[in-house]
Amino acid sequence: MPKLKNKYKHLRGVGFQNLNNCNTRLGKGPSVVDVKYVRLSEASFNSRIHKHGSVLTFKDVDGSDTHHKPLRPSADKPSYIDRYGCKPRRSARRSDVHPDLLTNKLYEPAKVVKMFNIEFKRHMSLKQNCKGNLQIDGSASRKWGLCWQERLKCSNCSYVSAYYKLYEELNSKGRGRKAARANVGFQIGLTTTSIGNAGARRILNHANIISPSKAGMQGQSNSVCESLKVANEHNLRSVRRALVTENTMVGQKNPNMINVEGDCCYNNPLFNVDATPFQAGTIATATLVENNSRHKRIVGVHVASKLCLVASRLRASGKHVVCPNHRGICTANMAENESIGQEGKYYSSIANSLKSDDIGLANFTSDGDSKGYVEISKTQTNPVGHFKDLRHLGNSMRRAINKAPFSKNMLGPKSKVNLRSRFALSIKSRCMSELKAAHKAHNSDLSKIRQSMPDVVDTIVLCFKGYCGANCKKYSHVCPGNFRQAKNYLPSIVRIKMTSSDELVLKRCINMVLGHDNLSLTKLLTTTQKCEAVNRSYTAVTPKSVTFSRNASGRIHGQVLKLNNGYGNSAVIKTCALGAPITPGSQIIRQLKATDKELRASYRTHALTKRKLARAATRARKFKMHEQIHYKTGVSDPKPDFRGIHGLKDHNYS
Ligand SMILES: [Zn+2]
Ligand SMILES: [Zn+2]
Ligand SMILES: [Zn+2]
C-alpha cells in the first residue's frame, strides 16, 4: 500500500462516513497517480454521485467509473431567491421604510386621504411639539386578501394610530370578518378567464404585488362560485320569462311553447384513457338554447360532475365512499360508476326546470344522437318534434358517400381516397346549398319543397355526371348550368363515369338529406351551431389543462350569464348580485362599454359575412393548391417500375 499524505491520513479519521472506505480501496484502482479528489457543491454532488455498496464514484459517459473521487460536498451557492430573501444592507436601501411598503398595494384612495387627514390633526393636537412625519407602519400591516388595514406611526415620537380599513366591505349579515369587495370582484373576474388562483398569484407576484394567501383565495372563490350559480339561475328565470312575454307579443298560439336545440360537451382528458375503463370524462355540461329568436339565448344548463376532492382523499385512506351521499362537502353530483354520457338525463333535468316556469318544448334539434330526444319527450305532455342538425346530417351523408359501393372506375381508373372524399364533399355542399335555396324559394313551405325535390335530386346526379345545362337551369336552385357547381371541390381534370347502379347509390345517399321523409327532419333549417359555440366558450373558463374540481359548475354558470347578457352587462349583474358593485360613473364602466362595443362590431352582419367569405376563399385556395400538386396533368417525369422484384411485399413503401 502506498504511503498516504498526512492530509488523507487525517481524512480517514474524520468527516464523511461513506468515504472512509475509499482509502482502503485506493489500491484496487487502476493507478494511484490518476486519482484526484474533487469537492462539488451539494446539488451537483447529489445529481452526479453513484453509489455501489459503500463505494461512491462518478460515472463516465460509457458507464465506467471515472478516476476522480468525491469529497464531502460543499454548501450550495446561495440562489437569487435566497439573496433576495435577506434584508438589503442599510446603504443599499432606497430609504428607511419597510420593504413591504415599496411593493404595490391595493388601497382605496379616498380612504387613504381620510386616514391621513384625521391622523395629522390628532398627532398635532396630542404631540404639539413633535416635528416627526406620519408614515404607514409597514411592519404591522394587516392583510385581507388583496386589501389592507393600515395604521400610521410617527417617525419621531411614539405616536401610533388605530387601524384603518382601506377597502370597501361587503354588506353581509353573517358572523366573522366581512369580505372585501375587491377580493370578491377579483374572484368574479377570474371566473371569466381560464386562469385559476395559482395563475392569479403568479401574475400578482410578478407585478410586485403581495398576493393573497392560497387558502384564502380558494375559500373566496368557492363562495363566489356558489353565488354565481345562484345568480345565473335567477337570471335564467328572467330570460325565460322575457321569452314568454315576447312570444305573447308576437302572437304565438301558445306563448309558453319554445323550440330548443341541445348539445352536450365533456372535459375528456384524452391522455388519461388507460387510467380508467369508464369513459374518461369527469365533467359533462348539457345546454339547451332557445330557437324562437335569432338571439338564441341559453334557457337551461346542467353541469354533471364526478370530481370530488373529499371523496378521493377519503378513498386514498382506504375508506369506502359513494358520491354524492357522503359526509362533508361533495362537489360531485354523480356516482363514480355512473356513465358520464347520459345526455338524456341531463336534458330532462333541464326540461323539468323549464316546466317549473311553465315552459313546454315544441321541437328539439340535436346532433346524431337520438337518446336525448327520447328522454326529453318523456318529460313533455305534448308530442315533441325532433329535428336533425343540418351540419351533422350533411356530414353523415358525406361519410355515407365515402363508404358507398360505387363502381371501381367511377372516378377514373386509379382514383385515390382523397378524390373520393373530394367527391363526397362536393355532393354535400351542393345538397346543403340546394336545400337552403329551396327553403328560400318556396318560403319554407314543406309540401312545395317536397314536390320539387325529386327533380332537384335527378338534376344533381346529371350535373355531376357532366350533363350540366338545361336541366340545371330549369330545376336547380343554385346551378346556373355553367359546369361550375359540380366541380366545387373536384379537380378540374376528373371525369365522373357513373353506371346506372352508381346513379342509384348516389341518389340513395342524397336522399339522406333531400329525400321526401328526411326533409321534415330539417324543416326549420335549425342547427346546433349555437350550442357548439357555447361549448367552446365553456372551455375558455374550464380549460382541459386545469381541473376546477370544486368550481367548474360555478365558472360555467358565470359564463352562461355572460353569454346571455353580454360582457359589460354581465359584469354589472354579477358584481351587483354578489354585493361588490363596480363604482357607477367610474372609468371602469366606460371601459366595459368600450369592450362591448368592440365585441358587437365583430358580430355585425357585414363583419360576419366578410369572415365567412374569407373562410370560403381560404378553403377554395387550399383545395386548389392540393389539386395543383396531386392532380396535375401532363406530368412527364419517369417513375421507377418495381414490378417483378420479389420480396418487396412486406414493405408498404416500395
Ligand atoms: Zn410625533
Ligand atoms: Zn363526493
Ligand atoms: Zn349544373
Side-chain angles (χ1 to χ4, degrees), residues 96 116 118-137 151-162 222 226 282-283 303-317 319-338 340 423 426-434 437-438 452 455-490 492 494-496 498 503 506-507 510 514 547-553:
D96 219 9
F116 272 102
I118 293 174
E119 290 306 319
F120 274 141
K121 285 171 196 155
R122 194 170 288 162
H123 175 242
M124 279 210 297
S125 65
L126 287 176
K127 314 265 177 173
Q128 279 159 5
N129 297 324
C130 178
K131 292 275 187 295
N133 291 324
L134 285 185
Q135 48 188 241
I136 292 173
D137 188 359
R151 66 177 188 193
L152 297 179
K153 67 173 183 186
C154 178
S155 60
N156 190 28
C157 68
S158 61
Y159 179 81
V160 175
S161 81
N222 291 350
E226 287 284 312
T282 41
I283 294 175
V303 184
S305 172
K306 281 189 182 182
L307 292 174
C308 177
L309 269 184
V310 174
S312 61
R313 242 179 250 144
L314 288 172
R315 278 185 201 119
S317 65
K319 285 183 184 122
H320 176 71
V321 193
V322 179
C323 287
N325 303 314
H326 58 81
R327 284 173 63 193
I329 294 163
C330 183
T331 52
N333 53 10
M334 294 182 82
E336 238 188 339
N337 54 7
E338 268 183 286
I340 192 82
F423 175 66
S426 300
I427 300 269
K428 176 197 144 191
S429 78
R430 174 70 179 270
C431 290
M432 285 300 143
S433 39
E434 288 281 3
S452 72
D455 288 328
V456 174
V457 174
D458 288 340
T459 311
I460 294 174
V461 175
L462 272 181
C463 189
F464 272 84
K465 263 174 88 177
Y467 303 105
C468 184
N471 254 29
C472 283
K473 267 181 205 163
K474 193 171 170 194
Y475 297 115
S476 172
H477 298 287
V478 289
C479 182
N482 57 2
F483 290 95
R484 281 211 190 135
Q485 277 300 317
K487 298 283 183 196
N488 259 343
Y489 297 104
L490 278 171
S492 52
V494 173
R495 299 268 170 277
I496 301 172
M498 279 192 221
E503 280 180 33
L506 183 58
K507 269 185 202 171
I510 291 178
L514 302 182
T547 320
F548 292 101
S549 58
R550 177 85 190 251
N551 291 326
S553 169

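Atoms within a ligand are numbered from 1 in the order they appear, just like the ligands themselves. Keep in mind that what you see is a predicted model, and the values were worked out from it rather than measured.
- Contact of the Tyr159 side chain with the Leu134 side chain is registered, since non-hydrogen atoms from C-beta on lie closer than 4.5 Å.
- Salt-bridge check for Lys306 with Glu338: failed, with every basic side-chain N at 4.0 Å or more from each acidic carboxylate O.
- Cys308 contributes SG and Cys330 contributes SG; the angle these two atoms make at the Zn ion (ligand 2) is 110°, rounded to 10°.
- Ser433 places a side-chain N or O within donor-acceptor distance of the main-chain N or O of Arg430, the cut-off being under 3.5 Å.
- Under the 3.5 Å distance criterion, the side-chain polar atoms of Thr547 are left unmatched by any main-chain donor or acceptor of Ser549.
- Expressed to the nearest 10°, the angle at the Zn ion (ligand 3) joining SG in Cys472 with SG in Cys479 is 110°.
- Taking every heavy atom of both residues into account, Lys131 and Asn156 meet most closely at N-ND2, 3.9 Å.
- At the Zn ion (ligand 3), the vertex angle linking SG of Cys463 with SG of Cys468 is 110° (nearest 10 degrees).
- An angle of 110° is found at the Zn ion (ligand 2) between Cys323 atom SG and His326 atom NE2, rounded to 10°.
- Vertex the Zn ion (ligand 1); arms to Cys154 SG and Cys157 SG; angle rounded to 10 degrees, 110°.
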